[in-house]
Protein chains: 2
Amino acid sequence: MEARVAEQSSKRRVTLTRESILEAALRLCSPEGGGQLTFSRLGKELGADPTAVYRHFRDKDELVLALTDLTVQEGMELSRQALPDGPSDDWRAWLTVTAQSVRASYLARPALAVLAAARTTASPAETHSVEQLITVLHRAGLPVIEAAECYRALLDMTLAMTQYTAAFSILDRSAQEKDEAAWAVKYGMLPEDEFPLLHQSAPRLTELFRDDDGVFALVLTTFLDGVAARIERARKA
Amino acid sequence: MEARVAEQSSKRRVTLTRESILEAALRLCSPEGGGQLTFSRLGKELGADPTAVYRHFRDKDELVLALTDLTVQEGMELSRQALPDGPSDDWRAWLTVTAQSVRASYLARPALAVLAAARTTASPAETHSVEQLITVLHRAGLPVIEAAECYRALLDMTLAMTQYTAAFSILDRSAQEKDEAAWAVKYGMLPEDEFPLLHQSAPRLTELFRDDDGVFALVLTTFLDGVAARIERARKA
DNA sequence: CGACCCTGTCAATGCCATTGACAGCGACTC
DNA sequence: GAGTCGCTGTCAATGGCATTGACAGGGTCG
């Protein structure tokens with residue numbers, strides 16, 4: 001390694017590492033990076049032949065898996081910064097922050113969210129966070145098993161809805177507008193006498209159409225209300 | 001149209017209709033039909049040239065949109081059969097049945113669920129069902145707007161989680177097992193002293209791993225508990 | 001110094017959606 | 001009833017994609 005500088009960059013052979021590839025891939029997944037992850041783009045981004053990546057990841061699936069790991073991990077990290085060190089008693093804040101952090105990490109890379117699809121990351125990224133989360137729920141009064149179930153339910157729901165949002169955000173403007181227009185028309189034309197309630201709530205529904213974050217917030221708080229009910233029930237028993 | 005019979009089937013020109021295409025496409029989306037929707041497969045299924053479909057749908061997106069419409073519609077239809085005619089007072093049953101029906105319709109065609117991704121079907125399929133659903137919630141004590149929000153939240157959550165499940169079910173066995181194995185190992189090796197609660201709930205968590213329906217049921221009932229709390233709150237005010 | 005492996009390169013394969021030119025055929029016009 | 005037009009199926013071609021196998025340079029280890 002004699003520091004032969006990169007002036008010959010034209011034909012210089014680049015050296016890839018697992019890390020450099022992951023980094024570049026994450027960049028590509030973000031909207032600023034183009035929002036599409038393909039081998040050819042990845043090759044260009046790295047200044048190497050697209051197929052060189054295969055030396056480090058068996059196939060695209062493995063690459064995506066590693067990326068989701070990083071992303072969930074980042075989300076958990078993010079939530080840790082926003083939360084007090086030790087397990088506090090404010091379970092609601094814990095769950096909210098965790099869910100929103102994971103969601104935010106994913107939404108920063110919509111392309112990844114779409115590819116990740118069903119892959120519930122196998123590595124309980126940041127196991128400590130998970131343990132703490134369950135602890136918080138348990139201290140609030142939930143039996144351990146039930147607390148674990150809540151954690152799992154919350155995470156899956158969050159991932160699913162986030163991926164859903166991401167998929168939509170990736171569509172080109174035209175498709176999005178097409179959807180929105182159709183939606184607005186349908187709700188605007190509802191005969192008031194046949195669908196009184198729907199007609200009455202139409203404005204709110206159209207408003208919610210493009211507001212995925214709003215819908216997510218809705219689902220989340222309702223879910224948390226459910227958890228609260230569960231906790232209360234457990235305490236009485 | 002002189003009933004020249006199909007003995008000349010080799011070079012006979014098939015006539016496509018929007019309906020016949022949709023039908024064939026739905027067939028392809030089901031696991032029995034191969035579980036993959038592509039133009040070439042669709043062409044073969046119809047006995048026509050793949051590109052003939054373009055005469056009836058501008059592109060794949062339009063086709064998929066029409067298919068999701070049909071599917072949600074079928075789900076709503078299904079739920080109507082399982083429910084009493086007029087709006088009853090058992091809002092919980094209503095929401096449960098609706099969610100599970102829509103989910104079932106989608107899961108019968110995992111390939112579609114994956115393609116549909118973010119496309120919240122623009123046509124409020126079976127507007128009557130929606131109106132009824134909101135009515136039920138409103139009669140239970142929820143303000144109209146809030147009832148509409150609940151409907152939207154429930155539907156989106158259901159669609160998102162279902163698509164999530166579908167995506168996983170489409171992976172080949174090997175990938176699924178890879179995930180599962182990694183998962184089990186991770187949870188099995190957790191040091192008990194560092195992660196006491198996680199260690200304790202590991203069996204339940206691994207059990208939930210492949211049980212997407214179980215997780216969905218969990219999310220759903222928790223969500224409904226939340227709705228119940230909301231209703232109670234609204235009644236008091 | 002030689003064998004070997006790690007890793008980047010290159011050319012090729014096969015699937016996919018999509019397009020444009022063409023062709024049969026029915027309907028409609030004069 | 002002949003000509004014209006438009007609807008719709010066919011065919012060949014394009015460009016993007018993941019993936020594979022043969023090759024090659026260069027570093028390492030014996």
Side-chain angles (χ1 to χ4, degrees), chain A residues 1-4 6 8-22 24-25 28-29 34-67 111-112 114-117 119 170-172 174-175, chain B residues 1-4 6 8-22 24-25 28-29 34-67 111-112 114-117 119 170-172 174-175:
Chain A
M1 211 177 273
E2 321 138 31
R4 218 180 304 153
Q8 302 280 0
S9 66
S10 60
K11 272 305 175 190
R12 201 73 234 111
R13 203 186 190 194
V14 200
T15 23
L16 269 38
T17 65
R18 205 182 151 81
E19 285 68 36
S20 71
I21 294 175
L22 289 174
L28 286 184
C29 288
Q36 278 199 51
L37 181 62
T38 78
F39 277 81
S40 57
R41 282 166 124 88
L42 190 48
K44 211 171 292 170
E45 179 80 11
L46 289 161
D49 190 278
T51 62
V53 179
Y54 284 94
R55 297 292 173 202
H56 302 267
F57 297 91
R58 191 145 44 83
D59 53 16
K60 194 173 183 178
D61 193 62
E62 286 223 343
L63 177 60
V64 169
L65 235 45
L67 291 172
L112 175 60
V114 174
L115 288 176
R119 316 309 292 271
I170 273 193
L171 297 177
D172 38 355
S174 66
Chain B
M1 210 176 278
E2 322 140 27
R4 218 182 303 154
Q8 303 277 1
S9 67
S10 59
K11 272 307 175 189
R12 199 72 235 109
R13 205 185 191 199
V14 201
T15 22
L16 270 37
T17 65
R18 205 182 151 81
E19 285 67 35
S20 70
I21 293 176
L22 289 174
L28 285 184
C29 287
Q36 282 199 50
L37 181 62
T38 77
F39 277 81
S40 58
R41 282 166 124 89
L42 190 49
K44 211 172 292 171
E45 180 81 11
L46 289 162
D49 189 279
T51 62
V53 177
Y54 284 94
R55 297 291 174 202
H56 302 266
F57 298 90
R58 190 146 44 84
D59 52 15
K60 196 172 182 179
D61 192 62
E62 285 223 345
L63 176 59
V64 168
L65 236 46
L67 291 172
L112 175 59
V114 174
L115 289 175
R119 317 309 293 271
I170 273 193
L171 297 176
D172 39 352
S174 66

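Hydrogens, waters and symmetry mates are skipped; everything else that's a heavy atom, side chains included, is used. Bear in mind the structure is a predicted one, so any value in this text is a computation, not a measurement.
Remark: B:D59 pairs with no residue by the salt bridge (charged side-chain N to carboxylate O under 4.0 Å, His left out) rule, at least two apart or across chains. Every residue meeting the side chain to side chain donor-acceptor pair (under 3.5 Å) condition with A:E62, not counting sequence neighbours, appears here in chain and number order: A:R58. For A:L28, the side-chain contact (heavy atoms from CB on, under 4.5 Å) partners at least two apart in sequence or on another chain are A:L37, A:R41, A:L42, A:E45. Legend: residues meeting side-chain contact (heavy atoms from CB on, under 4.5 Å) with A:Y54, ordered by chain and number and at least two apart, are A:F39, A:T51.
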Counting only pairs under 3.5 Å, give me each side-chain donor-acceptor contact of residues 14-22 of chain A, with atom names and distances, residues two or more places apart or in other chains.
| from | atom 1 | to | atom 2 | distance (Å) |
| --- | --- | --- | --- | --- |
| A:T17 | OG1 | A:E19 | N | 3.4 |
| A:T17 | OG1 | A:S20 | N | 2.9 |
| A:T17 | OG1 | A:S20 | OG | 3.3 |
| A:S20 | OG | A:T17 | N | 3.0 |
| A:S20 | OG | A:T17 | O | 3.0 |

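Which of C:dG8, D:dT19, C:dC16 sits closest to the side chain of B:S40 comes down to C:dC16. Here the side chain of B:K60 is nearest to one of C:dC10, D:dT10, C:dT18, namely C:dT18. Closest to the side chain of A:F39, from the set D:dT19, C:dC16, C:dT9, is D:dT19.
The distance from atom CD of B:Q36 to atom C1' of D:dA18 is 14 Å, rounded to the nearest whole Å. Rounded to whole angstrom, the span from the CZ atom of A:R18 across to the C1' atom of C:dT7 amounts to 16 Å. Remark: P of D:dA18 and CD of A:E62 are 16 Å apart, rounded to the nearest angstrom. To the nearest angstrom, P of D:dA13 lies 14 Å from CG of B:D49. Here D:dT8 presents its C1' atom at 14 Å from CG of B:L46, a figure rounded to the nearest Å. Per the geometry, CG belonging to B:L63 stands 10 Å off P belonging to C:dT18, to the nearest Å. One interatomic measurement links the two molecules: CG of A:L42 to P of D:dC17, which rounds to 12 Å at whole-angstrom precision. The distance from atom NZ of B:K44 to atom C1' of C:dC16 is 13 Å, rounded to the nearest whole Å.
At most 12 heavy atoms of other shown residues, nucleotides or ligands fall within 6.0 angstrom of atom NZ in A:K44.
The overall bend of the helix from C:dC1-D:dG30 to C:dC30-D:dG1, read as the angle between its terminal helix axes built from five base pairs each, is 10° when rounded to 10 degrees.
DNA chain C lies under 4.0 Å from at least one heavy atom of each of the following residues of residues 50-59 of chain B: B:T51, B:Y54, B:R55, B:D59.
Closest approach of A:G35 and A:I170 over heavy atoms only: O-CD1, 4.3 Å. The two residues B:K60 and B:L115 come nearest to each other via the heavy atoms CE-CD1, 4.1 Å.
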